[in-house]
Amino acid sequence: MANDMDISANALGADASGQTGEAVAADSPLASRILPKEFYDQFMSESSKRRIEDPIRALLPLEDRPGVISLLAGKPNTDTFPITSLQFTLRDPVTGTESPVALSEQELAKGLQYSGSAGIPELLDWLVGLQEYSHGRKRGEGWGLCFGTGSSDLIYKAVNALVNPGDVALIEAPVYAGVFPIFHNAGCEMIEVRTDAHGTDAEGLRKMLENWPAGKPKPKVLYTVPYGCNPTGMTSTLERRLQVLQLAREHNFLILEDDPYYYLYFGSAPRPPSYFTLERDQPEVGRVVRFDSLSKVLSSGMRIGFISAPQVIVDAVVLHTMTSNLQPPTLTQVLALRLLREWGYDGLRAHVDRVAQFYHTKRDVFEALMRKYLDGLAEWDTPEAGMFKLNLGDSGDSEAIIRTKALENGVLALPGTVFHPGGKKTAYVRAAFSLLPEDQVEEALRRLRHVLLEARGEGGTATSTGASG
């Protein structure tokens, strides 16, 4: 296996596959609490255990060894590529001034060429540093990191590494609808875990697990979006997170912490620590598999995601990449690395704080207009990140209202049924506020008001202009 080769691609300790992860430091205060590699045998899927590495890709990092002349890979010669220079304009996160940034000849050549399946070592090094900066997790604490084509790519590969057909997965609900096909394709049984304005219903989860049917395998994983959960907008409290961590130990499951909105938190209370942070002080360390995304704050089209997890799980994800899409795009990584190095960690923090304030303002505008048009017709909790979840209450099934009457009146939203694994009927609907200007928000909510009044038999009290255009 690639990670059995004692090869150092850079000061971080990237192995022959390129992924990062140092051995647990013997003098680390966490050493006695970090779960050993053998612990994860019970969690790894059969398909993951069967997967073998690409022998060529496993050796690619050896080309970086000083003095090595490589006859290994059939890489194209970069002199034949038509792109000869690349420059972009970067906005300063503090002053807002814009300045040109040009990739060096070496950076461009690297960006246009094949690279390791886990990501380029320099970017991995920067991201490991970011996890220490943002979450207090240091190198040598039993976790590794690799890069992916967005966090969804990594979630798909991690689920396939951990879940067999017939296994049970706990899914926070309502939650991001895009994960359901991933678990469905893995052939597992999805069981909903209720959430409220404070996060995962830990007491409800405890009762479920303590009364689990005899003979039925216990759940292997819990999928959760703890900040600004899509679609509810809720952020899980510190108390709830600690309760879930305790349940993970007591009932032996892993926590899949999908956190695309972590850097967009704009709640009034202090930001709760991530599961990744909190587990460092738990009796056991190594039950959290964290997925990060910079899509919401840098570029959604560049697909910038990374996973931080026990090294054996990172290894499995990288092996999956080797045998599927080979690697995440190198040019994306080179561009992201240049941007992040220009800013530094403090600069990135300044940028995401500005972005969070931008969405905070848009949330306030949206909520003020909801009060104007939907008071008495819908209920909602004010989100601290993410989007609004509206309860249409007496209007009944939001699926029928949104897909028919609302669309006929020129307003489109997402019915709540798509955010439940079983597709159950619900009065909830998701309303996103990230893109629309204030005048379009007002018109959309005015139209929705008309639809709701009409559904209640009060349509004469409001009029609709229909879709514009």
Do we see a donor-acceptor contact under 3.5 Å between the side chains of [X] and [Y]?
X    : Y    : result
H135 : S274 : yes
E257 : Y223 : no
Q282 : R33  : no
T80  : N77  : no
W380 : E367 : yes
T321 : K157 : yes

Is a salt bridge present between R194 and E172, judged by a nitrogen-to-oxygen distance below 4.0 Å?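 Result for this pair is no, no salt bridge flagged.
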
Taking NZ, NE, NH1 and NH2 as the nitrogens, is one of them in R287 or E279 under 4.0 Å from a carboxylate oxygen of the other? no

Without swapping roles, check the side chain of [X] against the backbone of [Y] for a donor-acceptor pair under 3.5 Å.
X    : Y    : value
S45  : A161 : yes
T195 : A173 : yes
R137 : F276 : yes
E98  : T89  : no
S324 : H320 : yes
R363 : P383 : yes
Y133 : V128 : no
E132 : G129 : no
R91  : T97  : no
S117 : L326 : yes

Does the pair D125 and R139 meet the rule for a salt bridge (charged side-chain N to carboxylate O under 4.0 Å, His left out), with working shown? CA-CA 10 Å; D125 186 41; R139 307 164 198 262; 2.9 Å; yes

Before you tell me yes or no, could you show the steps for D364 and T361 under side-chain hydrogen bond (donor to acceptor under 3.5 Å, both in side chains), namely the whole-Å CA-CA distance, both residues' side-chain angles and the distance that decides it to 0.1 Å? CA-CA 5 Å; D364 290 347; T361 301; 5.8 Å; no

Begin with the C-alpha distance, continue with both residues' side-chain angles, and end with the deciding distance and a verdict on side-chain contact (heavy atoms from CB on, under 4.5 Å) for L331 and L86. CA-CA 11 Å; L331 186 57; L86 192 60; 4.1 Å; yes

Centre of Y261's six-membered ring, under 6.0 Å away, within 45 degrees of the axis: is that where NZ or CZ of K296 sits?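 Satisfied, under 6.0 Å and within 45°.
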
Just checking, R290 and Y262: is the charged tip under 6.0 Å from the six-membered ring centre and within 45° of the axis? yes

Take R57 and E53 through the test salt bridge (charged side-chain N to carboxylate O under 4.0 Å, His left out) and record every step on the way to the result. CA-CA 8 Å; R57 301 224 115 237; E53 66 189 2; over 6 Å; no

Suppose we call two aromatic rings close when their centres sit under 6.0 Å apart. Are F147 and F306 close by that rule?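 That pair fails the under 6.0 Å test.
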
Give a yes or no on whether the ring-centroid distance for F39 and F43 is below 6.0 angstrom. yes

Verdict with reasoning, S295 to R303, per side-chain hydrogen bond (donor to acceptor under 3.5 Å, both in side chains): CA-CA 6 Å; S295 294; R303 312 304 298 131; 3.2 Å; yes

Only one of I120, I304, L124 passes side-chain contact (heavy atoms from CB on, under 4.5 Å) with Q333; say which it is. I120

Among L222, T224, L247, L256, which residue satisfies the side-chain contact (heavy atoms from CB on, under 4.5 Å) criterion with L170?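 Output: one option passes, namely L222.
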
Measure across [X] and [Y] and return the closest heavy-atom pair with its distance rounded to 0.1 Å.
X    : Y    : value
A202 : Q243 : CB-OE1, 3.1 Å
R349 : S134 : NH2-OG, 4.2 Å
A432 : F366 : O-CE1, 4.0 Å

Parallel, tilted or perpendicular: which describes the rings of F433 and Y359, with under 30° parallel and over 60° perpendicular?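 F433 and Y359: perpendicular rings.
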
One pair to check against side-chain hydrogen bond (donor to acceptor under 3.5 Å, both in side chains): S308 and Q131. What are the steps and the verdict? CA-CA 8 Å; S308 306; Q131 298 303 66; 2.9 Å; yes

Dump the intermediate steps for side-chain contact (heavy atoms from CB on, under 4.5 Å) on I171 and I191, then the final yes or no. CA-CA 6 Å; I171 311 291; I191 295 182; over 6 Å; no

Does [X] have more than 12 heavy atoms from other residues, nucleotides or ligands lying within 6.0 Å of its [atom1]?
X    : atom1 : value
I83  : CD1   : no
Q440 : CD    : yes
Y263 : OH    : yes
Y176 : OH    : no

One pair to check against side-chain hydrogen bond (donor to acceptor under 3.5 Å, both in side chains): Q327 and T330. What are the steps and the verdict? CA-CA 8 Å; Q327 61 162 90; T330 317; 2.7 Å; yes

Applying salt bridge (charged side-chain N to carboxylate O under 4.0 Å, His left out) to D201 and R206, what does each step give before you reach the verdict? CA-CA 9 Å; D201 178 10; R206 177 177 291 281; over 6 Å; no

Sorted by chain and residue number, the ring-ring contact (aromatic ring centres under 6.0 Å, His included) partners of Y265 (sequence neighbours excluded) come out as Y227

Do R338 and L103 come close enough that some side-chain heavy atom pair is under 4.5 Å?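 SC-SC contact between R338 and L103 confirmed.
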
